[in-house]
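Heads up: the structure comes next, in structure tokens.
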Amino acid sequence: MTEQLIEKIETMEKKHEKQKHQREKEYPKSSVTLKIYRANRRAGESPHYDRIEVPVQHWTTVLDALLYAKAYKDQSIGIRYSCRMASCGSCGMKINGIPRLACYTKVSELQGREITVEPLSNFPHIRDLVTDFSQFFAHHHNVEPYIQNDNADMQEKNKLTEFIQTPEDVDKYLQFSYCIKCGLCYSACPTVATDTQFPGPQALSQAYRYFIDSRDTAPKERLNLVDNRHGIWRCHFAGSCSSVCPKGVDPALGIQLLRGHLLGYSKNEKKAAELKERQKKDD
Amino acid sequence: MRQLRGNTSMEREEVADRNNREGMMGWLNPRRYGWERVSYWLQRLTGVGLLAYFIAHIYETSQITGGPALWEAFLELTQTTLGHIILIVVIGMCVFHSANGIRLIFAHGGKGLGKPGRPDYPYDAVSLNYRQKSGIWIALILALVAMLYGASVLFGGE
């Protein structure tokens, strides 16, 4: 009995030792080299990469590593960030070629001892890792990302109107409202890469978010906004937007569902409800 | 120390002009974003390939207007090893484009993608589900099988 127990303990110890060894193998990085894209054409500086070695821990994010480099190695690195917890969407950049949030990407989950950080593609470049979001926000603005309701009285504050929704109604748009406008989907989209007038996955998924909201009474106008040559038909469901989204918004799903309404695949529930109400009144 | 020049309007314009778009290069690297991107890339590539074949086919059949001898001579080109390989590739392109196209007809209308809900960590996208991935794999397998059959007919036999 005792022998068995000792044997068991020894096996467990061996197992722990093996696991420890494996962990060390998995996280051997006590330091990594950041290969940072640097360019500032306004100052006459042509694009090049700077290599900076930074110390890292298991929990170090790429943003932590970049901020370390900025604090102790080169203060001139241009980087945009704010919340450090994947809520503001400011620190989007290409990490090892894929658009990601720097604050949401741990160094330990990346392969190799060198990490390449570049500005997001498909956004006009400003300096180093900073890009211009004005075109992206303009597309977002163009799909009228707000509830339009003829019954809501916005003039008289005392006469506030309440619009009741069931949890099922909320589920239809909730995930799309989690968008933090980080621009990763816009950067990954192959259509945006070639067509400047294409609204992009973010704007189109927001069009669906308001289209399907039961409080919104302008579905037809919303469909008209995206139903054009450079609009929703340019999406070919490459799915890259959804694979890079850090918040689970799944823009590709929103776009296809919206297109389903345009193609007549999906029934328009608002129209059906409207017809039902009209029928009730007639009766 | 960096030297910053003044913010003249001309310089600002120059900055705004830099679009930083990936362009066609964005299409050429399908490995970064998973199977759906590979399928997008193959669908485009096979589409362009089939269009090229269609044009070549029209040209080939138009040769009959020059008489049977010219037609026969042109047809001989498809009986060479290179002609056979091209035909096998065309078979593969045709089958993949059709099978994947059927998947896309439904997916583009939101069918087979799942329903929106409340996303939880690790935030896997509903639309990139196994039904879609299986559709891509089936299209690839069908294309491969058709190509193998085409090869056995063209190179085997006689």
Side-chain angles (χ1 to χ4, degrees), chain A residues 40-45 76 97-98 119-127 131-132 134-135 171-176 178 187-190 192-194 196 212 235-266, chain B residues 1-8 11-12 14-41 43-44 103-129 132-133 136:
Chain A
N40 187 0
R41 285 185 217 189
R42 194 183 287 175
E45 186 189 298
S76 67
I98 296 171
L120 287 175
S121 303
N122 306 336
F123 287 90
H125 182 237
I126 298 175
R127 187 167 84 88
T131 48
D132 182 3
S134 19
Q135 198 175 52
D171 280 353
K172 282 177 192 163
Y173 68 84
L174 188 71
Q175 83 171 63
F176 305 108
Y178 286 158
S187 179
C189 177
V192 172
T194 48
T196 47
I212 206 70
C235 168
H236 303 293
F237 190 39
S240 313
C241 51
S242 297
S243 73
V244 298
C245 180
K247 304 303 281 184
V249 171
D250 200 352
L253 176 66
I255 299 169
Q256 311 321 313
L257 290 174
L258 186 61
R259 185 155 46 194
H261 283 276
L262 270 164
L263 290 168
Y265 281 24
S266 317
Chain B
M1 188 70 191
R2 275 152 216 272
Q3 284 200 336
L4 287 169
R5 277 190 252 143
N7 265 352
T8 64
E11 279 163 356
R12 248 182 264 131
E14 188 219 343
V15 170
D17 278 347
R18 288 202 308 275
N19 228 333
N20 197 26
R21 299 227 168 221
E22 276 192 336
M24 296 287 279
M25 294 304 284
W27 294 359
L28 293 179
N29 185 357
R31 292 169 302 152
R32 285 181 294 175
Y33 302 106
W35 281 103
E36 290 76 11
R37 183 71 172 243
V38 173
S39 133
Y40 162 84
W41 182 74
Q43 190 74 4
R44 297 231 130 184
R103 175 187 73 87
L104 287 173
I105 286 170
F106 289 104
H108 277 195
K111 299 291 174 200
L113 297 179
K115 279 182 179 174
R118 298 177 186 237
D120 280 321
Y121 186 83
Y123 304 127
D124 291 328
V126 186
S127 66
L128 311 179
N129 56 38
Q132 294 303 317
K133 283 186 176 56
I136 298 164

* **Per-residue contact mode, A:Val192 against chain B (heavy atom under 4.5 angstrom)** => both
* Heavy-atom distance under 4.5 Å to chain A: side chain of B:Ile136, backbone, both or neither? -> neither
* Asked: Given that the side chain runs from C-beta out, which part of B:Gln43 has a heavy atom under 4.5 Å from chain A: side chain, backbone, both or neither?
  -> neither
* Side chain proximity check, A:Cys235 to A:Arg259, heavy atoms < 4.5 angstrom -> yes
* Heavy-atom pairs under 4.5 Å with chain A are the metric here; pick the option from B:Pro122, B:Gly109, B:Ala107 that has the most. => B:Gly109
* Could you look at B:Phe106 and say if it's the side chain, the backbone, both or neither that has a heavy atom under 4.5 Å from chain A? => backbone
* Asked: Minimum heavy-atom separation for B:Leu128 to B:Lys133, with atom names?
  -> O-NZ, 3.0 Å
* Asked: chain B heavy atoms under 4.5 Å from A:Ile255: which part of the residue, side chain, backbone, both or neither?
  -> neither
* To do: Give the member of A:Pro190, A:Gly239, A:Gly248, A:Ser243 that has the highest number of heavy-atom pairs under 4.5 Å with chain B.
  => A:Pro190
* If you measure only the distance, is there a donor-acceptor pair under 3.5 Å linking the side chains of A:Asp250 and A:Ser242? -> yes
* Asked: So what's closer than 4.5 Å to chain B heavy atoms on A:Tyr178: side chain, backbone, both or neither?
  -> side chain
* Asked: Would you call the rings of A:Phe237 and B:His108 parallel, tilted or perpendicular, where under 30° means parallel and over 60° means perpendicular?
  -> perpendicular
* chain B contact via A:Thr196 - which portion, at a heavy-atom distance below 4.5 Å -> both
* To do: Counting only heavy atoms closer than 4.5 Å, note whether B:Tyr40 contacts chain A via side chain, backbone, both or neither.
  => side chain
* Part of B:Leu113 within contact of chain A (heavy atom distance under 4.5 Å) -> both
* In Å and rounded to the nearest 0.5 Å, what is the CD to SG distance from A:Gln175 to A:Cys245? -> 9.0 Å
* Structural part of B:Lys115 lying under 4.5 Å from a heavy atom of chain A -> backbone
